[in-house]
Enquirer: 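The structure follows.
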Amino acid sequence: MPGGVNSPVRAFNAVGGDPLFIKYGKGSRMTDVDGNEFIDYVSSWGPLIFGHAHPEIVSAISRQAELGTSYGASTELEIQLAEKIVTAVPSIEVVRMVTSGTEAVMSALRLARGITARDKIVKFEGCYHGHGDSLLVKAGSGLVSLGIPECPGIVKSLAEKTLNIPYNDIDQVRELFEKEGNEIAALIVEPIGGNMGVVPPKPGFLEALREVTQKAGALLIFDEVITGFRVSLGGAQKLYGITPDITCMGKIIGGGLPVGAYGGSRQVMDYISPMGSVYQAGTLSGNPLAMAAGNVMFDLLSKDGVYESLEEKSAKLCQGLQQNVEALGIDAQFTRVGSMFSMFFTSKEIVDFESVKSCDTDFFKRYFNGLLEEGVYIAPSQFEAGFMSAVHTDEEINLTIQASRKALTAARG
Ligand SMILES: *Cc1c(COP(=O)(O)O)cnc(C)c1O
């Protein structure tokens, strides 16, 4: 396997040493093949909002496995999950299941281009939308951590159709749309930046995006692959009260199995085949195991108090971490929306990719390795978010705060 991994973000290039090879996970912890146990804040990069091997999800998967793992024909499980998504997510009337977040986003772009008969796409620097060709330009953490300024292999004429502007910069958005608005098929955004560390939208930013896209006849795509079902059951669009034209989802809705989805109004989604002529297909789409896991995940998330508890625990952790850096006199910025959070080692206010890049990555490297030694696993890059799960205990949060104190002290030298 290239670099020993099947996804480059798992490599330890940015922090030194060998990537972890995991033997098993249970709840908020996982154990590697050498027998080291870690409290896990990567959560498989977002999906595991109920931790590893949640008993109800495991039994739903094994029950379904007994009945068959794929039919190449439709199941009731797909209808059930689709109904839950449509009920929870304000802008979605019709939803198509796919197999990854990347696939959801690629399909959403084709749909937007098909509807508008325009080619150009607007995205924000530091936002990641999967590895589709159109979007792999200034695409956040994975590439920055590995020091890749520009990905080779992207057709130049396609890359030229992707316009990049700084996150949270409303003036540049307006300027761009004034100049080229009638050539733009869609603007795609992570409504809460999650792939350059957590960068929340400034007040009015998402509202402005809705306004300019509408005026230009371009579609607004919310990439909620991370934020969907994490910041609220209705995603960031529910939290901020903005209605996008297309929403992309993934990660949490698969309950830890490979899944993606995209949806929007009936009018928009009727362009998709077999209703319309924008073609998109998938052999394993709506896979029964993933649908079974997703349905249970959704039911667990729908219970009272889940998001309140995630908020409380995440606030507690971040307060503890903040007290540590203050006590030790270390420059750091904290960002958090619900259970997604970041600690950036910089004195600059975090608003966009430029400010994120001002971080002291050598300090992060020492901090990461110190934490790992203390049995706490965070993403092996300064430019990634941390994720709290519903099964992290108060005791584990306290242990994490103590471990962080030690790792910070050691990193400071
Ligand atoms: C993870 C992610 C994707 C890609 O999803 P995959 O399942 O890894 O293909 C797309 N957009 C965002 C915002 C993501 O965080």
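What's counted below: heavy atoms across the whole structure, side chains too, no hydrogens, waters or symmetry copies. Ligands are counted one by one from 1 in listed order, and the atoms in each one are counted from 1 as well.
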Enquirer: Looking at Asp223, which atoms of ligand 1 are within less than 4.0 Å of one of its heavy atoms?
Expert: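 Those of ligand 1 that fall under 4.0 Å from Asp223 are 10 (C), 11 (N), 12 (C), 13 (C).
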
Enquirer: Any nitrogen or oxygen of Asn195 lying under 3.5 Å from a nitrogen or oxygen in ligand 1? Just yes or no.
Expert: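 The answer is yes, given that Asn195 and ligand 1 share an N or O pair closer than 3.5 Å.
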
Enquirer: Please confirm whether Lys251 comes under 4.0 Å of ligand 1, counting heavy atoms of the residue only.
Expert: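 Right, Lys251 reaches ligand 1.
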
Enquirer: Tell me the contacting part of His129 for ligand 1: side chain, backbone, both, or neither, using a 4.0 Å heavy-atom threshold, strictly below.
Expert: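 Contact part for His129 vs ligand 1: backbone (N, CA, C, O).
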
Enquirer: Answer yes or no: is there an ion pair linking Glu354 with Lys357, defined by an N-O contact shorter than 4.0 Å?
Expert: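 Here Glu354 pairs with Lys357 in a salt bridge, since their nearest N and O are under 4.0 Å apart.
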
Enquirer: Per the side chain to side chain contact (heavy atoms under 4.5 Å, CB included) rule, which among Gln80, Glu56, Lys84 passes with Asp299?
Expert: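 In the set Gln80, Glu56, Lys84, the residue that makes a side chain to side chain contact (heavy atoms under 4.5 Å, CB included) with Asp299 is Lys84.
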
Enquirer: Is Glu37 salt-bridged to Arg29, going by a charged N under 4.0 Å from an acidic O?
Expert: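 Yes, this pair counts.
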
Enquirer: Starting from atom 8 (O) of ligand 1, which protein heavy atom do you reach first, and at what distance in Å?
Expert: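 In this structure, atom 8 (O) of ligand 1 has Thr102 OG1, 4.5 Å as its nearest protein heavy atom.
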
Enquirer: State whether Phe21 and Lys23 meet the cation-pi test: NZ (Lys) or CZ (Arg) under 6.0 Å from the six-membered ring centroid, and within 45° of the perpendicular axis.
Expert: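 Not flagged: Lys23 not positioned over aromatic ring of Phe21.
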
Enquirer: For ligand 1, which atoms, with element, lie under 4.0 Å from some heavy atom of Ser100?
Expert: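 What qualifies from ligand 1 is 7 (O), 9 (O).
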
Enquirer: Verify the distance criterion only: is there a donor paired with an acceptor across the side chains of Thr75 and Glu78 at less than 3.5 Å?
Expert: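 Yes.
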
Enquirer: I'd like to check which ligand 1 atoms, numbered from 1 as shown, lie under 4.0 Å from a non-hydrogen atom of Ile226.
Expert: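 Going through ligand 1 atom by atom, the ones under 4.0 Å from Ile226 are 15 (O).
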
Enquirer: Looking only at atom types and distance, does a side-chain atom of Gln333 sit under 3.5 Å from a main-chain N or O of Thr346, one as donor and one as acceptor?
Expert: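 Checking the backbone N and O of Thr346 against the side chain of Gln333, a donor-acceptor pair under 3.5 Å is found.
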
Enquirer: Among Cys127, Gly130, Gly194, whose heavy atom sits nearest atom 10 (C) of ligand 1?
Expert: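 It is Gly130 whose heavy atom sits nearest to atom 10 (C) of ligand 1.
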
Enquirer: Let me know which of Asn195, Thr102, Asp223 forms a side-chain hydrogen bond (donor to acceptor under 3.5 Å, both in side chains) with His129.
Expert: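 For His129, the side-chain hydrogen bond (donor to acceptor under 3.5 Å, both in side chains) test succeeds with only one of Asn195, Thr102, Asp223, which is Asp223.
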
Enquirer: List every atom of ligand 1 that sits less than 4.0 Å from any heavy atom of Glu190, numbering the atoms from 1 in the order shown and giving each element.
Expert: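 So the answer, numbered in order with elements, is 13 (C).
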
Enquirer: Taking only heavy atoms of Tyr128, which atoms of ligand 1 are found under 4.0 Å from at least one of them?
Expert: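 Those of ligand 1 that fall under 4.0 Å from Tyr128 are 11 (N), 12 (C), 13 (C).
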
Enquirer: Determine the interplanar angle of the Phe345 and Tyr367 rings, folded into 0 to 90°, and report it as parallel if under 30°, tilted if 30 to 60°, perpendicular if over 60°.
Expert: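 Ring orientation of Phe345 relative to Tyr367: perpendicular.
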
Enquirer: Atoms of ligand 1 less than 4.0 Å from Gly101 heavy atoms?
Expert: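 Taking each heavy atom of Gly101 in turn, ligand 1 has 4 (C), 5 (O), 6 (P), 7 (O), 9 (O) under 4.0 Å.
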
